[in-house]
Amino acid sequence: MSIKAVLFDLDDTLFDHLASAKAGLQAFTRHLGLAPSNDLAGDWFTIERANYDRFLAKELTFQEQRRERLRQFLPLAGYAAPAGEEDLNELFAVYLECYERSWQAFPDAGPCLQALRDGGVLTAVISNGNHAQQQAKLRNIGLESALDAIFTSESIGHPKPMPEAFLKPCEALTVLPVHALYVGDNFRVDIEGARNAGLQAVHLQRGGTPERGTLQNLK
């Protein structure tokens, strides 16, 4: 079956969220006068995932999940969480600035996207997240111009792994699902979700073996 479009997850597929967030967290904890540690990093990412899932489930707004992350994380670090929402917003803005300074693409992301487009294949991102932030990431790391479209759970109205999260982008690109390939790092959300919607899918395991951990085989 010929592939007419390759659609990508963003965080930890094209964009190195883990490395960016770790660097941002280290700078943030130093700002708080705390010593960075693996335990604190583990707590941060556990709390991030749990509250981001609540945002995707529409239990929290995007800004509310940020505040809730600080409410849960700061006491674990021995730091009193501010009581007021504006104070929490201001403190999270400090982390956000640290995180954004650390934004980086995986080295193989740009060459892969360009090679696909040079071969006449449509390229797009389907990401669970806030549309403005995900678009800003792509612009900042230099990948926006190599994409035909950017779709997010916020812009689509459905998060992955719901079928609509994959089918609506295919419809917008005028590509049948059977002619689309999805690439992502999360097997349940990305791979099972895409396959259940009728797309082909490749599980990209960043940090695994060189063969599994790069986009080389898609070029």
Side-chain angles (χ1 to χ4, degrees), residues 3 5-22 41-62 64-66 68-69 99 103 105-106 108-109 112-113 122-138 141 143 147 149-173 175-209 212-215 217-218:
I3 298 297
V6 180
L7 314 174
F8 295 86
D9 171 53
L10 179 55
D11 291 350
D12 295 318
T13 297
L14 298 176
F15 167 71
D16 195 346
H17 167 71
L18 183 59
S20 302
K22 282 183 175 179
D43 290 337
W44 177 266
F45 287 112
T46 298
I47 291 167
E48 176 190 59
R49 181 72 270 162
N51 286 284
Y52 206 77
D53 284 346
R54 293 181 67 192
F55 158 66
L56 293 176
K58 300 182 180 179
E59 296 175 12
L60 299 173
T61 67
F62 192 61
E64 284 170 349
Q65 63 88 25
R66 288 176 164 178
E68 190 60 27
R69 284 159 61 182
Y99 172 51
W103 281 356
F106 285 104
D108 56 0
C112 177
L113 291 174
L122 295 171
T123 60
V125 156
I126 304 176
S127 174
N128 279 349
N130 171 266
H131 191 83
Q133 185 181 50
Q134 301 304 74
Q135 188 171 36
K137 287 177 185 175
L138 287 162
I141 63 179
L143 299 183
L147 294 163
I150 301 167
F151 304 97
T152 61
S153 56
E154 188 174 70
S155 66
I156 299 168
H158 300 278
K160 299 175 297 181
M162 294 181 67
E164 293 87 350
F166 302 94
L167 295 176
K168 287 190 174 184
C170 288
E171 182 180 356
L173 295 169
V175 173
L176 293 174
V178 293
H179 294 299
L181 173 68
Y182 192 75
V183 182
D185 70 299
N186 186 306
F187 192 83
R188 182 187 68 84
V189 172
D190 295 324
I191 307 310
E192 290 185 348
R195 289 173 179 168
N196 288 340
L199 286 73
Q200 300 179 60
V202 170
H203 188 203
L204 180 66
Q205 296 174 282
R206 294 293 192 180
T209 65
R212 293 188 303 166
T214 73
L215 293 167
N217 61 323
L218 298 177

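Results of the salt bridge (charged side-chain N to carboxylate O under 4.0 Å, His left out) test with Lys160 over Asp190, Asp53, Asp185 single out Asp190 as the only residue that passes. When each of Gln134, Gln133, Gln135 is paired with Ser127, the side chain to side chain donor-acceptor pair (under 3.5 Å) condition holds for Gln134 and for no other.
Between Leu113 atom CG and Leu143 atom CG the span is 6.0 Å, to the nearest 0.5 Å. Distance NZ/Lys168 to CE/Met162: 9.0 Å, rounded to 0.5 Å. To the nearest 0.5 Å, atom CG of residue Asn196 and atom CG of residue Leu167 are 10.5 Å apart. Taken from CG in Asn130 to OG in Ser153, the straight-line distance is 8.5 Å, to the nearest 0.5 Å. Arg66 CZ to Glu48 CD: the interatomic distance, rounded to the nearest 0.5 Å, is 11.0 Å. Note: Leu14 CG to Arg206 CZ = 7.5 Å, rounded to the nearest 0.5 Å.
Between Tyr99 and His17, the ring centre distance stays below 6.0 Å.
Contacts classified as ring pair (Phe, Tyr, Trp, His ring centres under 6.0 Å) and involving residues 183-202 (residues at least two apart or in different chains) are given here: Phe187-His203.
The shortest side-chain heavy-atom distance between Ser20 and Phe15 falls under the 4.5 Å cut-off. Between Tyr182 and Asp9 the shortest side-chain heavy-atom distance falls below 4.5 Å. When side chains are defined from C-beta on, Glu192 does not count as touching Pro161, because their heavy atoms never get closer than 4.5 Å. At a threshold of 4.5 Å between non-hydrogen side-chain atoms, the residues Leu199 and Cys170 count as touching.
Looking only at distances, no side-chain donor or acceptor of Gln200 sits under 3.5 Å from a matching main-chain atom of Ala180. Side chain of Gln65 to backbone of Leu60: no donor-acceptor contact under 3.5 angstrom is found.
Annotation: Glu59, atom CD; neighbour count of heavy atoms from other residues, nucleotides and ligands within 6.0 Å is above 12.
Every side-chain contact (heavy atoms from CB on, under 4.5 Å) that Leu18 has, sequence neighbours left out, goes to Asp12, Asp16, Lys22, Phe45.
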